[in-house]
Amino acid sequence: MKLNLFSKLVFAALLAFVVNSFMYFSFGNIYSSKILNYADFQAQFKSGIYQYRKLSGYFLIGIYDFLSSLNIDYQIFKLKFFNSESDPKMYLSFYILNTFFLMLTAVLMVFITEKKNFVATSSEKILLIAICIFTIGISQFVLVPYDVSSYFLILIFFWFLLKYLEQTSAKNLIILVAILAISTVNRESSALSISLAATLLYSKFGIRKESIFPVAVLGISFVAIYLGMRFLQGNFTTNDGNLFLQNFTDPKNGLGILFWAVFFVFTVILAKDKQSRNFIFLFHFFSIPYIAMCFYTGIIYEIRLYVPIFLISLLIGKLHLQKIE
């Protein structure tokens, strides 16, 4: 059955809504139960590395304040919590924020898969979008306000990067810088946007000014914003401690490493040809700084850390770029 664009958009948005709704309302959250009230959320996300991930934090608190102004009987949701101090209003705020951005992400993936240089059948496109939605869904056993919105912002960057590859104008580059700036204020994983740009620009232009200049502009913009936020707060925290050894000794983190490996192989298997597989390998190479920081200061069991790499790899695995000699 071949769907038109509008039908695909509606289906993708509804699938995202259904998957996320079941994830939030059909399972009890053990892993993030300690932050499901206002005081504990503020204590964690206003300190350390978390304090620089501002944008979605503002969104979450805005939703929480709005829900506080409503007279809602939260018993109707029949929520069950593992922590007696959990606040259903905070949990519902997470649900609204992340479901909204997951729906936007799903819609954006439809637009990306409809680009002329995205090579896949109509059925393959829908299945790729569904895989991404389900993967994001299961990764949300770690509740944070910025992950799903960060995927959306990275994919917006992806969309405009494809436009930039079609027309390498100053206007399109300025748009990319603006998106990167907003994305960086949300989460520093925006650096993966630079890795994506480096991958596709190098693959199309090689080592030429057409690839070096925009990557340099994006890199300088990221560093300026990353450091600027720390200058403004007079605090230069870049991580919350060294977890490298723990990531290779804790059995749960071993499971996380297995997730990275299996889902990496998955993208390679689904890639359309040798060129697309090279895109995936090259993107992982340019993502080494992000990957290294994940292993150094992240908890690899939190599979959300690999999700943005997985989403981009899955999509570039179906791209065809005409290389300029």
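- Looking only at side-chain heavy atoms (C-beta outward), N29 and F82 stay at 4.5 Å or farther from each other.
- No side-chain heavy atom of L243 sits under 4.5 Å from any side-chain heavy atom of F295.
- In this structure the side chain of N278 never reaches within 4.5 angstrom of the side chain of S203, judged on heavy atoms.
- Each of F59, Y38, Y91, Y58 was checked for a ring pair (Phe, Tyr, Trp, His ring centres under 6.0 Å) with Y64, and the lone residue meeting it is Y38.
- For the ring-ring contact (aromatic ring centres under 6.0 Å, His included) condition, no pair includes a residue of residues 154-199, sequence neighbours left out.
- With hydrogens and angles disregarded, no donor-acceptor distance shorter than 3.5 Å links the side chain of E114 to the backbone of F111.
- Side-chain contact check for V223 versus L227: some heavy-atom pair is nearer than 4.5 Å.
- When the options Y226, Y290, F222 are evaluated for a side-chain contact (heavy atoms from CB on, under 4.5 Å) with S190, the one that passes is F222.
- Using a 4.5 Å heavy-atom threshold, the side chains of K318 and K272 count as touching.
- In terms of modelled atom types and a separation under 3.5 Å, the side chain of N247 and the main chain of N253 share no donor-acceptor contact.
- Contacts of D273 classified as side-chain contact (heavy atoms from CB on, under 4.5 Å), with partners at least two apart in sequence or in another chain: Q275, S276.
- The side-chain contact (heavy atoms from CB on, under 4.5 Å) with P308 is formed by just one residue from the set I154, D147, L153; it is I154.
- If you look at F244 and F248, their ring centroids are closer than 6.0 Å.
- Contact of the V148 side chain with the L97 side chain is not registered, since no non-hydrogen atoms from C-beta on lie closer than 4.5 Å.
- Taking the six-membered ring for Trp and thresholds of 30 and 60 degrees, F259 and Y306 have ring planes more than 60 degrees apart, a perpendicular arrangement.
- Neither side chain, S150 nor N186, offers a donor N or O lying under 3.5 Å from an acceptor on the other.
- Using a 30° and 60° split on the angle between ring planes, F94 and F41 fall in the perpendicular class, above 60°.
- Looking at N172 and L176, their side chains never come closer than 4.5 Å, going by heavy atoms from C-beta outward.
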Query raised in the report: Is there a side chain to side chain contact (heavy atoms under 4.5 Å, CB included) between K171 and I174 once you walk through the steps?
Result: CA-CA 5 Å; K171 175 186 173 183; I174 291 170; 5.8 Å; no
Requested in this report: Check step by step if side chain to side chain contact (heavy atoms under 4.5 Å, CB included) holds for L319 and L200.
Outcome: CA-CA 10 Å; L319 282 185; L200 298 187; 4.0 Å; yes
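- The aromatic rings of F286 and Y202 sit perpendicular to each other, their planes meeting at more than 60°, with 30° as the lower class boundary.
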Report task. Kindly determine whether S211 and K204 satisfy side-chain hydrogen bond (donor to acceptor under 3.5 Å, both in side chains), including the steps that lead there. Result -> CA-CA 8 Å; S211 58; K204 182 169 183 177; over 6 Å; no
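- Note on L127: it does not cluster hydrophobically with F134, by side-chain heavy-atom contacts below 4.5 Å among ILVMFWY residues.
- In summary, the aromatic rings of Y52 and F45 are positioned with their centroids too far apart to meet the 6.0 Å limit.
- Minimum heavy-atom separation, I257 to I300: N-CG2, 3.5 Å.
- Side-chain N/O atoms of Q140 and Y24 include a donor and acceptor closer than 3.5 Å.
- Note on E166 versus K115: salt bridge recorded, some NZ/NE/NH1/NH2 to OD/OE distance being below 4.0 Å.
- There is no side-chain donor-acceptor pair under 3.5 Å between S33 and N83.
- With a 6.0 Å cutoff to the six-membered ring centre and a 45° limit on the axis angle, K252 counts as a cation-pi contact of Y301.
- The hydrophobic cluster containing I30 does not contain I299, counting ILVMFWY residues as joined when their side-chain heavy atoms lie under 4.5 angstrom apart, directly or transitively.
- Aromatic ring centres of F152 and F101: separated by under 6.0 Å.
- Under the 4.5 Å side-chain criterion, counting only non-hydrogen atoms from C-beta, P214 is not in contact with V217.
- Ring geometry, F263 versus F266: the interplanar angle exceeds 60°, so the pair is classed perpendicular (tilted spans 30 to 60°).
- Residues passing the salt bridge (charged side-chain N to carboxylate O under 4.0 Å, His left out) test with E210 are R208, sequence neighbours excluded.
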Query - E188 and I49: CA distance, side-chain angles, deciding distance, side chain to side chain contact (heavy atoms under 4.5 Å, CB included) verdict - result: CA-CA 10 Å; E188 62 273 16; I49 191 65; 3.7 Å; yes
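- With 3.5 Å as the limit, one finds a donor-acceptor pair spanning the side chains of R53 and Y146.
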